[in-house]
Amino acid sequence: MNNDIDCLLIGHNEINFEEYEDIVTRMGPTSGAYRDLNLNYLRYDEKPYTAAGMFNLINNSNAGRHFKPINFGETFSAAIAYLGSFLKKNGFTFDYVNCFQIEKSQLAQKLQRDNIRTVAILTTLYVVALPIIEIIDFVKKYNQTAKIIVGGPFVSTKVRTQDDSSLEYLFKDTIPADFFVNSSQGEAALVKILHALKNNLPVAQIENIYYKTNNKLIATPTLKEDNKLSENPVDWDLFSRNISEYVNVRTAISCPFSCAFCGFPQHAGKHQTLDLQGVERELNLLDQIGTVKSINFIDDTFNIPLNRFKDILKMMIKNQYSFKWHSYLRCQYIDRETVALMKESKCEGVFLGIESGNEQILKNMNKKGDIKKYREGINLLKKHGLVTFGSFIIGFPGETENTAEDTKKFIEESGLDFYRAQLWYGEPITPIWKELDKYKITGESFEWSHATMNVGTASDLIDQMVLSIEGPIWIPQYNFDFDSIWHLVYKGISLKDVKKFLRIFHQGIKEKLMKPHQKEISYDIMRQFIDIFQCQGPDEPDDTSNEETKLLGKYDAGFDF
Ligand code: B12
Ligand code: SF4
């Protein structure tokens with residue numbers, strides 16, 4: 001049967017890490033981008049492997065125990081949920097693929113079989129055009145008539161940060177799409193494009209879009225979309241066939257804070273929250289699906305306002321949902337009662353944007369947090385057995401070797417389970433850019449310097465932290481995040497073994513930093529990786545020795561390390 005589909009939504013495309021590493025490596029070993037990425041992967045058999053890649057390598061061979069591979073695309077996309085629900089509400093038909101790489105054959109089938117009017121490419125996690133172009137090439141191979149619409153954070157970030165000629169080059173000459181939607185929301189623009197295409201109407205009147213005509217790129221006027229969460233709930237029933245263990249859920253849009261390093265509130269607009277009944281309705285629907293084991297609340301400040309947060313937790317306890325949950329949390333705003341409620345409502349862990357262990361840097365960041373409150377917050381969370389992950393930035397304007405040392409000490413003494421210290425990424429749309437002169441900031445992105453530090457020194461300090469901090473476990477960033485810990489746990493690996501795995505990955509990174517001429521991970525590190533997964537797992541492979549020998553055999557054959 002072929003279906004009439006007004007819009008086919010395409011979710012995350014995890015780009016080939018080897019290609020990405022190659023692009024970044026060509027920027028040179030001293031570039032900030034390379035130094036940042038260098039802490040995120042190990043090399044084995046001439047290929048780079050992120051933590052997720054290493055997990056998949058071992059478990060795809062019989063040397064491990066066939067745990068399912070890990071991939072960002074396995075979480076059901078909130079963007080698909082919102083766009084699909086909005087389209088349905090407005091009378092349009094839609095279909096979707098959540099994870100481009102895994103669902104390629106289904107996508108090809110849909111593109112050939114169904115009458116697809118448009119394809120919408122979601123760009124939540126893309127910072128480069130590569131994954132978008134790969135999707136478009138694929139779509140065009142199987143369907144030459146569907147109009148292609150690209151929207152989401154990639155488009156709006158590029159519009160905000162690129163000058164006119166670079167933007168024209170990107171949208172007109174680099175990405176072969178028909179429309180670009182420039183909005184932090186974009187649902188309304190999408191509906192208007194579909195309406196125009198269906199009824200042969202001009203698109204020039206639709207706000208917030210770019211389209212191509214006569215080899216020209218035309219931009220229409222901008223007008224902020226302000227779709228209310230309470231009026232546009234997700235209809236989770238529409239997606240039940242594809243929702244498995246993990247779901248991203250949001251109960252708010254944007255954030256009421258204005259941290260000086262962060263461009264998110266500017267991007268997302270005015271902070272708005274979904275009312276308690278709305279949250280309950282969505283969680284009830286998710287619970288009824290029956291497959292959801294873990295919810296990732298993606299609100300940037302889930303616990304603000306605090307009373308609303310407590311009401312949500314009490315509602316979750318009352319409903320005795322079967323899933324557990326994790327979220328971002330501002331731990332300077334919690335109290336004993338809140339943490340007890342978190343525990344009772346099945347919180348498994350929290351991501352804490354602590355950012356610095358130095359009061360002055362926290363002030364420069366406008367972080368609205370102080371060290372004492374951070375310590376108290378972490379202790380409360382630990383007392384209730386919640387897993388804590390702390391995220392830190394090194395190199396922010398005002399940073400010196402001494403302030404970075406304070407951060408290092410803070411991490412060492414924090415009691416956090418996991419941490420990551422990251423290089424400051426200078427974005428011209430962030431509030432700190434208003435203070436360029438004060439801090440003598442020059443450059444941007446990962447190539448900057450300011451009055452008290454440059455990107456090279458900040459990268460050196462991060463390397464030293466990775467080499468010397470004991471206690472909390474360092475987590476890489478690329479293709480692995482706090483969320484990934486829970487994905488491993490729900491694949492059947494104990495938290496203890498997840499920690500073991502990450503410690504070995506960390507050992508591998510340390511080895512890389514200490515022995516820069518060693519091209520590949522050592523036999524010892526590979527042996528340790530294999531050992532973790534050999535001891536446990538859902539399926540007992542017939543014979544692990546052959547596969548194990550394949551992985552370790554490279555070393556006997558004079559492997560270059
Ligand atoms: C959860 C999250 C993650 C998780 C993802 C987990 C998972 N499995 O899904 C993790 C931690 C792994 C992650 C990683 C990264 N993330 Co992140 N992440 C988020 C977060 C908090 C939520 C994303 C989300 O689902 N939002 C909810 C959905 C509904 O919003 P949305 O995608 O914007 O979609 C809406 C509209 O944009 C629109 N829309 C989207 N696509 C399209 C397409 C069309 C055609 C139309 C019309 C509309 C449209 O429809 C939706 C409804 O309004 C956002 C911040 C935020 N609160 O949004 C950052 C965010 C998406 N991340 C961001 C970044 C930069 C990253 C990293 C690149 C960081 C890094 N340096 O490594 C990595 C990328 C990893 C990778 N391999 O590619 C940026 C993206 C900026 C950009 N694309 O330009 C954001 C916006 C944060 C920020 N700094 O501002 N992230
Ligand atoms: S870092 Fe988090 S709390 Fe701060 S402005 Fe950005 S989203 Fe809001």
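Just so you know, ligand 1 is whichever comes first in the structure, and atom 1 is the first atom listed for that ligand. Numbering starts at 1 and runs along the sequence shown.
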**Message:** Just by distance, no angles: are the side chains of Ser484 and Asp481 close enough, under 3.5 Å, to form a donor-acceptor pair?
**Reply:** no
**Request:** Verify the contact flag for atom 27 (C) of ligand 1, where contact means a protein heavy atom under 4.0 Å away.
**Result:** yes
**Message:** Check for me whether Ile121 has a heavy atom closer than 4.0 Å to any atom of ligand 1.
**Reply:** yes
**Request:** Around atom 6 (Fe) of ligand 2, find the nearest protein heavy atom and jot down its residue, atom name and distance.
**Result:** Cys262 SG, 2.3 Å
**Item:** Non-hydrogen atom of Glu14 closer than 4.0 Å to ligand 1
**Value:** yes
**Asked** Under 4.0 Å between a Lys/Arg side-chain N and an Asp/Glu carboxylate O for Asp6 and Lys198?
**Response** yes
**Request:** Using 2.8 Å as a strict upper limit, say whether an N, O or S atom of Cys259 approaches atom 6 (Fe) of ligand 2 that closely.
**Result:** no
**Prompt:** Do Thr145 and Asn143 have side-chain N/O donor and acceptor atoms under 3.5 Å apart?
**Reply:** yes
**Request:** Around atom 77 (N) of ligand 1, find the nearest protein heavy atom and jot down its residue, atom name and distance.
**Result:** Asn479 OD1, 3.0 Å
**Item:** Heavy-atom protein contact below 4.0 Å for atom 6 (C) of ligand 1
**Value:** yes
**Message:** Check for me whether Arg330 meets the cation-pi criterion with Phe257, that is, NZ or CZ under 6.0 Å from the six-membered ring centre and within 45 degrees of the ring axis.
**Reply:** yes
**Request:** Kindly confirm or rule out an N or O of Tyr82 lying under 3.5 angstrom from an N or O of ligand 1.
**Result:** no
**Message:** Is it the case that ligand 1 has an N or O less than 3.5 angstrom from some N or O of Tyr478?
**Reply:** no
**Prompt:** Just heavy atoms, cut-off under 4.0 Å: does Ile15 contact ligand 1 by side chain, backbone, both, or neither?
**Reply:** neither
**Request:** Anything under 30° is parallel, anything over 60° is perpendicular, the rest tilted; go ahead and classify Tyr478 against Phe17.
**Result:** tilted
**Request:** Determine, using heavy atoms of Gln477 and all atoms of ligand 1, whether some pair is separated by less than 4.0 Å.
**Result:** yes
**Prompt:** Can an N or O of His267 be found at a distance shorter than 3.5 Å from an N or O of ligand 1?
**Reply:** no
**Prompt:** Near Asp300, which atoms of ligand 1 are under 4.0 Å from a heavy atom of that residue?
**Reply:** 57 (N)
**Prompt:** Going by an N to O cut-off under 4.0 Å, is there a salt bridge joining Lys89 and Asp235?
**Reply:** no
**Item:** Pair Lys270 + Asp226, salt bridge at N-O below 4.0 Å
**Value:** no
**Request:** Could you tell me whether atom 13 (C) of ligand 1 has at least one protein heavy atom nearer than 4.0 Å?
**Result:** yes
**Request:** Would you please say whether a donor-acceptor pair under 3.5 Å links the side chains of Trp486 and Glu348?
**Result:** no
**Message:** For atom 9 (O) of ligand 1, what's the nearest protein heavy-atom neighbour? Residue, atom name and distance, please.
**Reply:** Asn248 ND2, 2.9 Å
**Prompt:** Looking at Tyr374 and Ile354, what are the two nearest heavy atoms and their distance?
**Reply:** OH-O, 3.3 Å
**Asked** Can you find a non-hydrogen atom of Tyr328 under 4.0 Å from ligand 2?
**Response** no
**Asked** What protein heavy atom is closest to atom 39 (N) of ligand 1, reported as residue, atom name and distance in Å?
**Response** Gly152 CA, 3.6 Å
**Prompt:** For atom 52 (C) of ligand 1, which candidate among Glu187, His12, Arg160, His487 provides the closest heavy atom?
**Reply:** Glu187
**Asked** Centre of Tyr211's six-membered ring, under 6.0 Å away, within 45 degrees of the axis: is that where NZ or CZ of Lys147 sits?
**Response** no
**Request:** Could you see which bit of Leu83 sits under 4.0 Å from ligand 1, with heavy atoms only: side chain, backbone, both or neither?
**Result:** side chain
**Asked** With a 4.0 Å cut-off, would you call Glu245 and Lys491 a salt bridge?
**Response** no
**Asked** Looking at ligand 1, does any of its N/O atoms fall within less than 3.5 Å of an N/O of Thr75?
**Response** yes
**Request:** Please check if a non-hydrogen protein atom sits closer than 4.0 Å to atom 54 (C) of ligand 1.
**Result:** no
**Message:** Check contact between Gly263 and ligand 1, using heavy atoms of the residue and a distance below 4.0 angstrom.
**Reply:** no
**Prompt:** What do you reckon, does Glu355 put a non-hydrogen atom under 4.0 Å from ligand 2?
**Reply:** no
**Message:** Is it the case that atom CG in Asp164 sees more than 12 heavy atoms from other parts of the structure closer than 6.0 Å?
**Reply:** no
**Prompt:** Do Asp299 and Arg250 meet the salt-bridge criterion of a basic N to acidic O distance under 4.0 Å?
**Reply:** no
**Complete:** min-distance protein heavy atom vs atom 3 (S) of ligand 2 -> Arg330 NH1, 3.2 Å
**Asked** Does at least one non-hydrogen atom of Gly353 fall below 4.0 angstrom from an atom of ligand 2?
**Response** no
**Prompt:** Does Asp481 approach ligand 1 within less than 4.0 angstrom via side chain, backbone, both or neither, non-hydrogen atoms only?
**Reply:** side chain
**Request:** Classify the contact between Ser484 and ligand 1 as side chain, backbone, both or neither, using a heavy-atom distance cut-off of under 4.0 Å.
**Result:** neither
**Asked** Cut-off 3.5 Å, side chains only: do Glu225 and Asn208 have a donor facing an acceptor?
**Response** no
**Fill in**
At under 4.0 Å between heavy atoms, what of Thr157 touches ligand 1? The answer is side chain
**Asked** Under 4.0 angstrom from ligand 1, any heavy atom of Phe482?
**Response** no
**Asked** Counting only non-hydrogen atoms of the protein, does one fall under 4.0 Å from atom 61 (C) of ligand 1?
**Response** yes
**Prompt:** When only distance counts, is Phe72 in polar contact with ligand 1, meaning an N/O pair under 3.5 Å?
**Reply:** yes
**Request:** Considering only non-hydrogen protein atoms, determine which one is nearest to atom 8 (Fe) of ligand 2 and report residue, atom name and distance to 0.1 Å.
**Result:** Cys255 SG, 2.2 Å
**Which residue and heavy atom of the protein sit nearest atom 7 (S) of ligand 2, plus the separation** = Asp300 CB, 3.6 Å
**Item:** atom 2 (C) of ligand 1 - nearest protein heavy atom and its distance
**Value:** Tyr328 OH, 3.9 Å
